[in-house]
K.L.:
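Got a structure for you, questions after.
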Amino acid sequence: MCLHKYIHMYAMNWDSLFFNTATLIAGVFVLDYGADKFIDHTVIVGQRLGISPTLIALLTAGAEYEELAVVVAAILQGRTPLALGNVMGSTISNILGAFSLGLLCYPDGSPLDNSAKIYSALQFFVTTIFIILAYFQQLNRFTGGLLIALFVLYIVSIGFAIYRGISEPPQLSDSESDDESINVCDEQMPGQSAGQPASETSPLLGDTNVPEELIGASVHKDKRPRPLYHHVLQLIFGLLALSLSGYILAHSAGTIADSLNLSGTVFGLTVIAFVTTLPEKLVAMLSGFRGQGGIVVATTAGSNIFLLTLCVGVVAVAGNPLDRSDTFVLFDLVTVWVSSLSLLAVVFLGPQRIAGLALLAAYVTFLVMEFTIYKR
């Protein structure tokens, strides 16, 4: 009887493992779809409104909704170490994991706008405050309230920046070509004088004038530019897909990793943090390929500010006692601060692919040390 019960339990564990693995894979596909939607329409909305995509990304992809969901769920379950570990691991993963991948895909020497520098400096300031509070064990309800108030000021500052239009107008992006067509009649061909009808050039046939009737017919086939609200709705839809993917990935990875009996802090610092920041990693890579450095920085800096103000503030205000046998160590705090300093240095000195490679190597080293030397 006991043997039959054991075999049944073993089979159920395998079924749960396979189901959550399949869910994890499905979440990756949702993640890819949402990231592509989000980046394309963020650039277009920024162009239409005359503001930098950096500021838009700060308010959208820079808001870690999936991380906040994990933090609240962990608090309700009385697993404060998991919540804090997830927050700290995500700040590290955003810089050493996501930002490094964005740098590897971003063209060397391409400048970043002033908004990227301002908010990278702000995230370093917020990170330093968190490190001081955590090191001296001052994360309580009072300091948690101050962190939440700082988050409110951060949101107000973004709104003020958008209102005043202090950022530089974004440059045109190739991603807009997916949704908006270019009127070929308005373009001037090489060797064509102003006002001259467009002509079609073939390397085999030479210059051949195309009748205006054919030109007009081809132009009418082009779609007119979509209205602004269409791109705003698509941006929101992409953001919802990103949030959904983060939720799916976090829960499926959590069920898989629970079978390994990992420490709550180590689990949050590594597995959960890696999975929940997959949206940021994919957004950073796609943004880097498309030369949108402002979005790469915004998703990193904005995410870390969101995590270290609102998420940490919620954990501190909850007031749950922290299990000192399963909490962060000095190595974790130092890694968070050095990562933040690295982001600031790269943004101000100029993005280079060699820096991205160094940050990625540092992230792999961090994961290995968490599972070996600093395991709880």
K.L.:
Which atom pair, heavy atoms only, marks the closest approach of S287 to I295?
P.N.:
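The answer is OG-CG2, 3.3 Å.
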K.L.:
Quick one: closest heavy-atom pair of F130 and L333, and the distance?
P.N.:
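Looking at all heavy atoms of both residues, the closest pair is CE2-CD2, 4.4 Å.
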K.L.:
What's the shortest heavy-atom distance between G288 and P107, and which atoms?
P.N.:
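So the minimum-distance heavy-atom pair works out to O-CD, 3.8 Å.
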K.L.:
Carefully, step by step, assess V315 and L139 under the rule side-chain contact (heavy atoms from CB on, under 4.5 Å).
P.N.:
CA-CA 9 Å; V315 173; L139 290 176; over 6 Å; no
K.L.:
Below 4.5 Å, heavy atoms only, C-beta onward: do F331 and F366 meet side chain to side chain?
P.N.:
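Side-chain contact under 4.5 Å: yes.
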K.L.:
I'd like to check the side chain to side chain donor-acceptor pair (under 3.5 Å) partners of T127; sequence neighbours left out, ordered by chain and number.
P.N.:
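Counting only residues at least two positions away or on another chain, T127 forms a side chain to side chain donor-acceptor pair (under 3.5 Å) with S340.
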K.L.:
Closest approach of C311 and V87, non-hydrogen atoms and distance?
P.N.:
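Shortest heavy-atom separation between C311 and V87 comes out as CB-CG2, 4.0 Å.
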K.L.:
Would you say the side chain of I236 lies within less than 4.5 Å of the side chain of H41, judging by non-hydrogen atoms?
P.N.:
no
K.L.:
Using a 3.5 Å distance criterion without hydrogens, assess whether the side chain of S157 forms a donor-acceptor pair with backbone atoms of Y154.
P.N.:
yes
K.L.:
Between atom CE of M369 and atom OG1 of T335, what is the distance when rounded to the nearest 0.5 Å?
P.N.:
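Rounded to the nearest 0.5 Å, the CE-OG1 separation comes to 7.5 Å.
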K.L.:
Count the heavy atoms belonging to other residues, nucleotides or ligands that lie under 6.0 Å from CZ of F125, then report whether that count exceeds 12.
P.N.:
no
K.L.:
Determine whether I373 and L330 fall in the same hydrophobic cluster, where Ile, Leu, Val, Met, Phe, Trp and Tyr are linked whenever their side-chain heavy atoms lie under 4.5 Å apart.
P.N.:
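In one cluster: yes.
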K.L.:
Given a cutoff of under 4.5 Å between side-chain heavy atoms of I, L, V, M, F, W and Y, with clusters grown through shared members, what are the other residues clustered with L146?
P.N.:
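Its cluster mates, by chain and number, are F142.
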K.L.:
Output all residues satisfying side chain to side chain donor-acceptor pair (under 3.5 Å) with T143, sequence neighbours left out; order by chain, then residue number.
P.N.:
N140
K.L.:
Take a 6.0 Å sphere around CZ of F348 and say whether it holds more than 12 heavy atoms from other residues, nucleotides or ligands.
P.N.:
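Yes, CZ of F348 has more than 12 neighbouring heavy atoms, counting only those of other groups under 6.0 Å.
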K.L.:
Using 0.5 Å steps for rounding, measure from the CD1 atom of I129 to the CD1 atom of I131.
P.N.:
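Reported value, rounded in 0.5 Å steps: 11.5 Å.
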K.L.:
Hey, any chance V152 and L308 share a hydrophobic cluster, counting ILVMFWY side chains that come within less than 4.5 Å of each other, even indirectly?
P.N.:
no
K.L.:
Side-chain atoms of residues 353-365: list all donor-acceptor pairs with protein atoms under 3.5 Å, sequence neighbours left out, distances to 0.1 Å.
P.N.:
residue : atom : partner : partner atom : Å
R353    : NE   : Y106    : O            : 3.2
Y363    : OH   : S93     : OG           : 3.2
T365    : OG1  : A361    : O            : 2.9

K.L.:
Y229: which residues meet the side chain to side chain contact (heavy atoms under 4.5 Å, CB included) condition with it, sequence neighbours left out?
P.N.:
P227, L233
K.L.:
Could you pull out the closest heavy-atom pair between A284 and A98, with the gap in Å?
P.N.:
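Taking every non-hydrogen atom into account, CB-O, 3.3 Å.
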K.L.:
I need the S339 OG to I92 CD1 distance, nearest 0.5 Å.
P.N.:
5.5 Å
K.L.:
Could you list the residues that satisfy ring-ring contact (aromatic ring centres under 6.0 Å, His included) with F124, not counting sequence neighbours?
P.N.:
W337
K.L.:
Do you reckon Y135 sits in the same ILVMFWY cluster as L133, going by side-chain contacts under 4.5 Å, direct or chained?
P.N.:
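Cluster IDs for Y135 and L133 match.
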K.L.:
Can you sort out the partners of F289 under side chain to side chain contact (heavy atoms under 4.5 Å, CB included), two or more places apart, ordered by chain and number?
P.N.:
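Partners of F289 under the side chain to side chain contact (heavy atoms under 4.5 Å, CB included) test: C105.
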K.L.:
How would you list, by chain and number, every residue that makes a side chain to side chain donor-acceptor pair (under 3.5 Å) with S120, sequence neighbours excluded?
P.N.:
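For S120 there are no side chain to side chain donor-acceptor pair (under 3.5 Å) partners, ignoring immediate neighbours.
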K.L.:
Is any side-chain heavy atom of L307 closer than 4.5 Å to a side-chain heavy atom of V312?
P.N.:
no
K.L.:
Compare every heavy atom of G102 with every heavy atom of V296, then report the nearest pair and how far apart it is.
P.N.:
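Looks like CG1-CA, 4.2 Å.
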K.L.:
At what distance, to the nearest 0.5 angstrom, does CZ of F151 lie from CG of L310?
P.N.:
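One finds 4.5 Å between CZ of F151 and CG of L310.
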K.L.:
With sequence neighbours left out, write down each residue that passes side chain to side chain contact (heavy atoms under 4.5 Å, CB included) with I132, or none if nothing qualifies.
P.N.:
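Partners of I132 under the side chain to side chain contact (heavy atoms under 4.5 Å, CB included) test: T128, F136.
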K.L.:
Between atom CG of N94 and atom CD of Q123, what is the distance when rounded to the nearest 0.5 Å?
P.N.:
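N94 atom CG to Q123 atom CD measures 9.5 Å (nearest 0.5 Å).
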K.L.:
Would V338 end up clustered with V297 when hydrophobic side chains under 4.5 Å apart are linked, directly or stepwise?
P.N.:
yes
K.L.:
To the nearest 0.5 Å, tell me how far T300 OG1 sits from N304 CG.
P.N.:
7.0 Å
K.L.:
Linking directly or through intermediates, with side-chain heavy atoms under 4.5 Å: list the remaining ILVMFWY members grouped with F29, chain and number order.
P.N.:
I25
